[in-house]
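As structure tokens, the structure follows; a few thoughts come after it.
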Amino acid sequence: MDLTDFSAGAQYIAGRQTRGTGTEPFQVVNPADGSVVQQVTLASTGDVDAAVAAARAALPEWAGATPGARSEALLKLAAVLAGAADDLARVETAQTGKPIKLSTEFDVPGTVDNTAFFAGAARNLEGKAAGEYSGDHTSYVRREAIGVVGSISPWNYPLQMAAWKILPAVAAGNTIVLKPAELTPLTSLMFARACTEAGIPDGVVNVVTGAGLGAGEHLVSHPGVAMVSFTGSTPVGKRVAELASATAKRTHLELGGKAPFVVFDDADLEAAIHGAVAGSLINSGQDCTAATRAYIQRPLYDAFVAGVAELFEAVRLGDPLNPQTDLGPLVSFTHRDRVAGFVERARGYGAVVAAGGHAPVKGHDGTDLARGAYYRPTLITGVTQDSEVVQGEIFGPVLVALPFDSDEEGLRLANDTPYGLAASAWTRDIHRSLRATREIAAGCVWVNDHIPIISEMPHGGYKSSGYGKDMSQYSLDEYTQVKHVMYDTTAVVRKDWHRTVFGDR
Ligand code: NAD
């Protein structure tokens with residue numbers, strides 16, 4: 001099966017690619033040069049209804065399959081995805097603009113590994129041991145699928161986000177309707193087709209390519225959907241939770257981030273500088289865990305700013321398909337202009353732009369970057385903690401550096417935004433690192449690194465970064481419900497506890 005053939009339409013319902021019944025055309029654009037990658041028709045609400053119906057029809061058989069059978073299908077899926085690795089990387093780069101070396105070495109292998117992980121996890125759903133907890137009963141716990149999951153994903157890592165949503169849901173026996181971001185639906189469609197190729201029954205995995213306000217809200221509100229899992233911005237996540245509450249659905253929200261990067265004065269300065277460059281520029285800074293606020297203890301501050309500025313200037317922007325390109329464009333021209341707007345307003349309130357701060361014209365490889373949504377790596381200093389660039393999610397290649405004096409101050413500033421997704425602490429002192437990992441309120445704290453993720457460990461937020469975990473065994477808790485089953489073991493007709501309701505001993 002050629003996973004890259006999208007000619008039959010951008011909806012994937014009941015194991016078939018279809019055009020759906022929508023009429024609204026939409027162009028998936030390559031932000032590196034503005035060319036059209038694929039013309040699609042957005043899903044109508046009727047397409048969402050059809051996808052939910054397909055997922056409901058597939059549910060009894062899939063939820064009733066043995067863990068071993070689900071695991072086997074996911075193992076086959078991992079093999080199909082690995083076999084399509086080059087196509088997946090190429091399409092991911094075309095629709096997002098991310099450098100091919102990132103798609104090839106991070107997005108695709110990460111997805112394959114995640115798939116293999118959930119193939120194993122599907123056979124390891126844990127629960128309490130059965131026992132006689134009251135003395136007169138045997139109790140045990142059944143861990144059951146929830147039903148049809150409605151999932152909504154963002155554009156920054158389209159393939160990985162689709163995988164993070166689909167895999168734990170189906171490993172646990174649910175069926176799913178995924179609505180990817182309209183800007184980047186193509187690798188989610190490829191993933192769904194790969195599921196069919198791997199033998200996952202029709203209707204278990206469905207994809208509707210539609211707009212947030214139309215298809216997205218309809219999916220979240222749908223009475224046939226039992227759970228909503230959402231990854232995206234905090235304002236939209238709040239809207240999703242509000243809509244889901246009308247039908248009391250379980251929600252799982254992975255929202256925005258504004259990760260602090262805290263460098264104590266005993267840190268390895270060179271390691272921190274390199275870590276800040278990679279940690280802030282990964283995926284052009286369009287990463288919810290990217291380093292965005294660097295707090296540097298005063299003795300290291302000037303050297304850190306100089307070091308990062310120098311490396312930022314050396315980053316190679318160019319054609320994303322060139323394996324030497326470090327940084328591609330942002331996902332769209334609109335988003336690039338939004339990022340530039342943050343920097344322009346910061347200049348207006350007195351920020352110093354220590355590197356970048358503009359759209360580039362020529363790439364390292366001679367590419368005409370003015371045709372794409374490029375923005376140079378940008379380092380901002382001279383702002384206060386309450387400024388917009390420190391508090392707001394820019395979601396671009398923009399790092400802000402601020403000095404601090406005491407350890408208390410550094411940790412207080414790190415916690416001083418509404419977000420709490422990820423953070424890092426840079427120090428060679430065991431006590432400082434233990435304190436930082438304890439006191440920073442975030443779902444992930446790295447020590448002397450920033451960004452790496454692994455399938456075995458949970459990813460998810462604190463505070464306004466949402467709740468619920470992706471990846472790891474913990475995510476299976478999100479996609480299952482536990483049922484207490486209690487058997488009377490006495491066969492006594494008049495049970496002792498009845499007297500609390502009627503009669504005497
Ligand atoms: P977004 O919130 O604009 O959109 C996310 C998804 O929601 C898209 O599919 C969109 O079509 C849909 N949507 C928009 N309005 C909707 C509505 N009213 N009802 C239902 N669905 C709606 O986010 P984005 O711009 O695509 O992605 C960037 C954001 O995602 C950033 O805030 C980033 O931090 C966040 N993110 C978080 C994580 C995480 O794990 N916490 C991971 C990746 C991205």
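First listed ligand is number 1; within each ligand, the first listed atom is number 1.
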Nearest protein heavy atom to [atom], by residue and atom, and its distance?
atom	answer
atom 35 (C) of ligand 1	Gly232 O, 3.2 Å
atom 24 (P) of ligand 1	Trp155 NE1, 3.3 Å
atom 22 (C) of ligand 1	Gly212 CA, 3.4 Å
atom 15 (N) of ligand 1	Val236 CG1, 3.5 Å
atom 12 (C) of ligand 1	Ile152 CG2, 3.6 Å
atom 2 (O) of ligand 1	Ser233 OG, 2.6 Å
atom 27 (O) of ligand 1	Pro154 CB, 3.3 Å

message = For Phe117 and Leu167: C-alpha separation, side-chain torsions, deciding distance, then whether side chain to side chain contact (heavy atoms under 4.5 Å, CB included) applies.
response = CA-CA 9 Å; Phe117 170 80; Leu167 292 167; over 6 Å; no
request  = Ignoring hydrogens, just give me the one of Phe230, Trp164, Phe395 whose non-hydrogen atom is nearest atom 33 (C) of ligand 1.
outcome  = Phe395
query = Of the choices Ala422, Cys288, Gly460, which has the non-hydrogen atom that lies closest to atom 42 (C) of ligand 1?
reply =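 It is Cys288 whose heavy atom sits nearest to atom 42 (C) of ligand 1.
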Within a distance under 4.0 Å of any heavy atom of [X], pick out the atoms of ligand 1 and give their elements.
X	value
Gly257	34 (O)
His459	39 (C), 40 (O)
Glu393	31 (C), 32 (O), 33 (C), 34 (O)
Glu217	17 (C), 18 (N), 19 (N), 20 (C)
Glu182	10 (C), 11 (O)
Ser153	6 (C), 8 (C), 9 (O)
Leu421	41 (N)

request  = Indicate yes or no: at least one non-hydrogen side-chain atom of Asn206 is less than 4.5 angstrom from one of Tyr12.
outcome  = no
Would you kindly specify which portion of [X] sits under 4.0 Å from ligand 1, judged on non-hydrogen atoms: side chain, backbone, both or neither?
X	answer
Asn156	side chain
Thr234	neither
Pro180	backbone
Gln286	neither
Tyr157	neither

message = Taking side chain to side chain donor-acceptor pair (under 3.5 Å) as the criterion, tell me which of Thr23, Asp49, Thr21 meets it with Ser44.
response = Thr21
query = Which distance, rounded to the nearest 0.5 Å, do you find between the CD of Glu92 and the OG1 of Thr111?
reply =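 OG1 of Thr111 is found 7.5 Å from CD of Glu92.
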Is a donor from one side chain sitting under 3.5 angstrom from an acceptor on the other, for [X] and [Y]?
X	Y	value
Ser103	Thr93	yes
Thr480	Arg143	yes
Tyr467	Thr251	yes
His218	Thr45	no
Glu388	Gln391	no

query = Salt bridge or not for Glu439 and Arg435, using N-O below 4.0 Å?
reply = yes
query = Does Arg345 count as lying over the ring of Phe342, i.e. NZ or CZ under 6.0 Å from the six-ring centre, within 45 degrees of the axis?
reply =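 Relative to the ring axis of Phe342, which defines the angle, Arg345 lies inside both limits.
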query = Hey, what's the ring geometry for Tyr479 with His252, parallel, tilted or perpendicular (30° and 60° as the breaks)?
reply = tilted
task = Could you tell me how the ring of Phe304 sits relative to the ring of Phe261: parallel (under 30°), tilted (30 to 60°) or perpendicular (over 60°)?
result =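 Ring orientation, 0 to 90° scale: tilted.
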message = So for ligand 1, is Leu255 a polar contact partner (N or O within less than 3.5 Å, distance only)?
response = yes
